Peer 1: 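What follows is a single structure, and I will ask about it in a moment.
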Amino acid sequence: MKPIGIIGVGEIGRAIVEGLHHGDGGSPEVFLSPRGARTAAELSERYEGVRVCADNQEVVDRSELLIIAVRRQDRHEALAGLKVDEDRIVVNVMAGVGNDELRRILATEATEATEATEATEATEATEATDVPLVRAIPLPAIRERRSVTVTCPSHPEVDSLFEQLGGALPVPDEDAFNVLSALTGTLTAHYTYLATLTSWAAGHGIAPDEVDRYVRGLFQGIGRSLGDETRSLHQLAADHETPGGNNERIRTTWFDRANSEALKKALDGLLADLK
């Protein structure tokens with residue numbers, strides 16, 4: 001596998017490194033940026049072949065597949081002035097930053113003329129400086145190789161990397177990518193839903209540690225059923241529900257049409273901001 005560089009060693013950067021070293025088999029060399037110095041140092045001490053570089057340009061120079069995982073608000077400071085050669089593959093995992101914007105920041109595309117120019121000249125200039133850019137949505141579960149990662153556009157090296165980390169789902173364009181990206185915005189709502197269940201039960205006299213344990217076990221079991229891809233999500237819901245029973249009552253009285261529409265409206269708003 002090609003040497004991998006990671007600029008931005010936060011939660012996702014850490015998860016990628018841990019996933020690469022999860023289980024048996026060889027791991028590539030990994031070069032980390034000094035951003036997130038404590039995490040980078042910890043990973044380099046824990047895993048053979050993981051090194052912390054002096055600066056971000058060294059990460060670029062020593063890697064062949066470069067993962068950019070900085071926070072959106074830090075992108076200009078972290079990436080300004082970097083020189084990325086055309087033989088590199090760049091993986092963009094920054095939420096809300098499209099490849100066109102990243103290309104401009106990295107200055108890997110010829111500067112657009114402010115006056116009319118020959119179309120062929122513009123095309124040749126663009127192609128001459130074209131670096132492969134792939135967007136991806138890795139999630140923390142890749143540390144255990146249990147999460148499918150959306151990629152756009154499909155690239156054999158990048159798709160192969162994420163297949164190793166739990167699976168790759170290439171999509172044809174950034175419109176589709178943004179729809180799936182919006183879905184990741186629901187994760188903490190799910191955790192908050194579970195926390196609300198525990199606080200409700202605790203309010204009725206159940207010890208918090210006991211109800212926490214119960215709710216975790218309850219939904220871990222539900223999560224395992226998602227591995228059965230022979231049944232649709234609607235079928236799984238039906239299989240866990242008895243007509244006139246407790247589950248049907250909560251679904252129809254709480255997660256009703258108005259609740260469902262409110263969720264879709266929130267997702268539409270998020271999608272609009274991601275475009």
Side-chain angles (χ1 to χ4, degrees), residues 2-13 16 31-36 53-138 149-159 161-162 170-182 184-185 269-275:
K2 295 179 181 294
I4 294 174
I6 303 177
I7 296 179
V9 191
E11 177 68 12
I12 295 303
I16 291 171
F31 299 97
L32 304 178
S33 71
R35 298 182 69 88
C53 294
D55 54 37
N56 290 344
Q57 187 61 57
E58 184 184 356
V59 177
V60 175
D61 295 341
R62 301 189 68 170
S63 62
E64 295 182 39
L65 192 152
L66 175 66
I67 299 173
I68 299 179
V70 299
R71 295 178 301 177
R72 179 179 183 179
Q73 61 267 36
D74 296 332
R75 63 194 185 281
H76 293 290
E77 177 187 352
L79 305 177
L82 287 184
K83 183 180 185 301
V84 182
D85 292 336
E86 296 173 20
D87 59 352
R88 300 298 192 271
I89 302 166
V90 178
V91 183
N92 170 16
V93 305
M94 295 181 289
V97 179
N99 281 343
D100 288 343
E101 179 182 354
L102 177 57
R103 194 178 296 280
R104 287 192 295 270
I105 296 172
L106 294 176
T108 58
E109 187 172 64
T111 303
E112 294 181 0
T114 56
E115 299 179 356
T117 58
E118 292 293 329
T120 55
E121 293 178 0
T123 300
E124 290 171 358
T126 299
E127 291 178 348
T129 55
D130 192 25
V131 170
L133 297 182
V134 179
R135 293 188 75 182
I137 316 174
T149 298
V150 178
T151 61
C152 175
S154 179
H155 187 285
E157 297 281 355
V158 178
D159 293 346
L161 168 66
F162 288 116
V171 295
D173 54 49
E174 290 205 358
D175 286 341
F177 183 91
N178 287 334
V179 170
L180 298 179
S181 181
T184 68
L270 175 56
L271 179 61
D273 290 340
L274 291 173
K275 292 182 177 180

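Remember, it's a predicted structure, so these values are computed and weren't measured experimentally.
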Peer 1: Sub-3.5 Å donor-acceptor pair from the side chain of Arg88 to the main-chain atoms of Asp61, do we have one?
Peer 2: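 Flag set: sc Arg88 to bb Asp61 pair under 3.5 Å.
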
Peer 1: Of the non-hydrogen atoms in Arg62 and Phe31, which two are nearest, and what is the gap between them?
Peer 2: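 Smallest heavy-atom distance, with atoms named: O-CE1, 3.3 Å.
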
Peer 1: For residues Ile68 and Val97, determine if any side-chain heavy atom of one lies less than 4.5 Å from a side-chain heavy atom of the other.
Peer 2: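 Sidechains of Val97 and Ile68: no contact.
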
Peer 1: What are the two closest heavy atoms between Val134 and Pro153, and how far apart are they?
Peer 2: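 For Val134 and Pro153, the tightest heavy-atom pair comes out as CG1-O, 3.4 Å.
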
Peer 1: To the nearest 0.5 Å, what is the distance between CG on Leu102 and CZ on Arg75?
Peer 2: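 Going from CG on Leu102 over to CZ on Arg75, the span is 10.0 Å.
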
Peer 1: Indicate the atoms forming the closest heavy-atom contact of Pro34 with Ala54, along with that distance.
Peer 2: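 The answer is CG-O, 3.6 Å.
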
Peer 1: When you compare the side chain of Met94 with that of Val70, does any pair of heavy atoms fall below 4.5 Å?
Peer 2: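 When only atoms from C-beta onward are counted, Met94 and Val70 do touch, with a gap below 4.5 Å.
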
Peer 1: Kindly say whether Val59 contributes a backbone atom to a donor-acceptor pair with the side chain of Ser63 at under 3.5 angstrom?
Peer 2: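 Answer holds: yes.
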
Peer 1: Could you check whether atom CD of Glu77 has more than 12 heavy atoms from other residues, nucleotides or ligands sitting under 6.0 Å from it?
Peer 2: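 Counting neighbours around CD of Glu77, 12 or fewer heavy atoms of other residues, nucleotides or ligands fall under 6.0 Å, so no.
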
Peer 1: Could you list the residues that satisfy side-chain hydrogen bond (donor to acceptor under 3.5 Å, both in side chains) with Lys83, not counting sequence neighbours?
Peer 2: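 Expected list: Asp85.
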
Peer 1: Can you see which heavy atom on Val131 is nearest to which on Val90, and at what distance?
Peer 2: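 Heavy atoms only, the tightest pair is CG1-CG2, 3.8 Å.
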
Peer 1: For the atom pair CD (Glu58) and CG (Leu32), what is the distance rounded to the nearest 0.5 Å?
Peer 2: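 It is 11.0 Å, given to the nearest 0.5 Å.
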
Peer 1: Check step by step if side chain to side chain contact (heavy atoms under 4.5 Å, CB included) holds for Thr184 and Val150.
Peer 2: CA-CA 11 Å; Thr184 68; Val150 178; over 6 Å; no

Peer 1: Might you point out which heavy atoms bring Ala136 and Phe162 nearest each other, and give the distance in Å?
Peer 2: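 Smallest heavy-atom distance, with atoms named: CB-CE1, 3.8 Å.
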
Peer 1: Hey, does the side chain of Asn56 reach the backbone of Ala78 with a donor-acceptor pair shorter than 3.5 angstrom?
Peer 2: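 Looks like yes, one N/O pair under 3.5 Å.
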
Peer 1: Could you tell me whether a side-chain N or O of Ser33 sits under 3.5 Å from a main-chain N or O of Gly8, the two making a donor and an acceptor?
Peer 2: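 Checked: pair present.
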
Peer 1: Hey, could you give me the CG/CD distance between Leu65 and Glu157, rounded to the nearest 0.5 Å?
Peer 2: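 Reported value, rounded in 0.5 Å steps: 7.0 Å.
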
Peer 1: Could you state the interatomic distance from CG (Asp175) to CG (Leu180), rounded to the nearest 0.5 Å?
Peer 2: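 So the CG of Asp175 and the CG of Leu180 are separated by 11.5 Å.
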
Peer 1: Would you indicate whether the side-chain heavy atoms of Leu82 and Ile7 approach each other to under 4.5 Å?
Peer 2: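 Yes. Closest side-chain heavy atoms under 4.5 Å.
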
Peer 1: Nearest 0.5 Å, what's the CG-NZ distance between Asp87 and Lys2?
Peer 2: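 The distance works out to 8.5 Å.
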
Peer 1: Kindly say whether Leu133 contributes a backbone atom to a donor-acceptor pair with the side chain of Asn92 at under 3.5 angstrom?
Peer 2: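 Checked: no pair found.
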
Peer 1: Mind checking the CD1-CD1 spacing from Ile67 to Ile12? Nearest 0.5 Å is all I need.
Peer 2: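 Here the interatomic distance stands at 10.5 Å.
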
Peer 1: Identify the heavy atoms of Asp159 and Ser154 that sit nearest to each other, and give their distance.
Peer 2: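 Smallest heavy-atom distance, with atoms named: OD2-OG, 2.5 Å.
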
Peer 1: Got Val171 and Val179 here, is their nearest side-chain heavy-atom distance under 4.5 Å?
Peer 2: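 They are not in side-chain contact.
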
